[in-house]
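Remarks on the structure that follows.
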Amino acid sequence: MEIPLDWDAGTLAARIRSVRVDRGFSQTDLATALNVNRSTIGHWEREHGFTPSIVHLHRLSQVMNVSLTWLAEGRHAGTGAGVGGARASLECRLLSSSRNLPLTVVANVVTLMESAETLL
């Protein structure tokens, strides 16, 4: 589900809390999904609390089904939700999938992509 364009971006803490509540997650539910303590979620939602790591922000965006750009920066990944959102989604899937592959396979995929880039 995409975040509506008129949804107030606010601060990172406010975005985390807003999307959690909107998706119907308790702090405990979200903590379980992210494999962190419930108190960690509370700290992230507090205005002067801790800031999640980029790994946690990425996982939060996946679990909550929002763009990482919106979650981290409060802005949408492009003026058109279609192209920017589709590309960002594919890049996230590519990155997530690559984590479980042997390094040699990842290196071959990168080489293939670089070769394709020179042909375009």
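Summarising the geometry of Ser61 relative to Ser67, their closest heavy-atom pair is CB-C, 4.1 Å, with the distance given to 0.1 Å. Leu30 approaches Phe25 most closely through the heavy-atom pair N-CD2, 3.8 Å. Considering every non-hydrogen atom in both Trp44 and Ile16, the closest pair reads CB-CD1, 3.9 Å. Summarising the geometry of Gln27 relative to Gly42, their closest heavy-atom pair is NE2-CA, 3.6 Å, with the distance given to 0.1 Å. Closest of all the heavy-atom pairs between Asp29 and Gly24 is OD2-O, 4.2 Å.
Under the 4.5 Å side-chain criterion, counting only non-hydrogen atoms from C-beta, Thr40 is not in contact with Leu34. The side-chain heavy atoms of His58 and Leu71, taken from C-beta on, include no pair separated by under 4.5 Å. Under the 4.5 Å side-chain criterion, counting only non-hydrogen atoms from C-beta, Val66 is not in contact with Arg15.
Leu12 contributes atom CG, which lies 14.0 Å from atom CZ of Phe50 (distance to the nearest 0.5 angstrom). Rounded to the nearest 0.5 angstrom, Thr11 OG1 and Arg17 CZ are separated by 11.5 Å. Between Met64 atom CE and Asp22 atom CG the span is 9.5 Å, to the nearest 0.5 Å.
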inquiry  = Working note: Arg20 + Leu60, criterion side chain to side chain contact (heavy atoms under 4.5 Å, CB included); need CA distance, chi angles, decisive distance, verdict.
reply    = CA-CA 9 Å; Arg20 177 184 59 77; Leu60 262 167; over 6 Å; no
request  = Would you sort out whether Val55 and Arg59 count as a side chain to side chain contact (heavy atoms under 4.5 Å, CB included), showing the intermediate values?
outcome  = CA-CA 6 Å; Val55 171; Arg59 186 71 184 122; 5.6 Å; no
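In this structure, Asn108 contributes its side chain and Val105 its backbone to no donor-acceptor pair below 3.5 Å. In terms of modelled atom types and a separation under 3.5 Å, the side chain of Arg46 and the main chain of Ala13 share no donor-acceptor contact. Judged by distance alone, the side chain of Ser18 and the main-chain N or O of Ala14 form a donor-acceptor pair under 3.5 Å.
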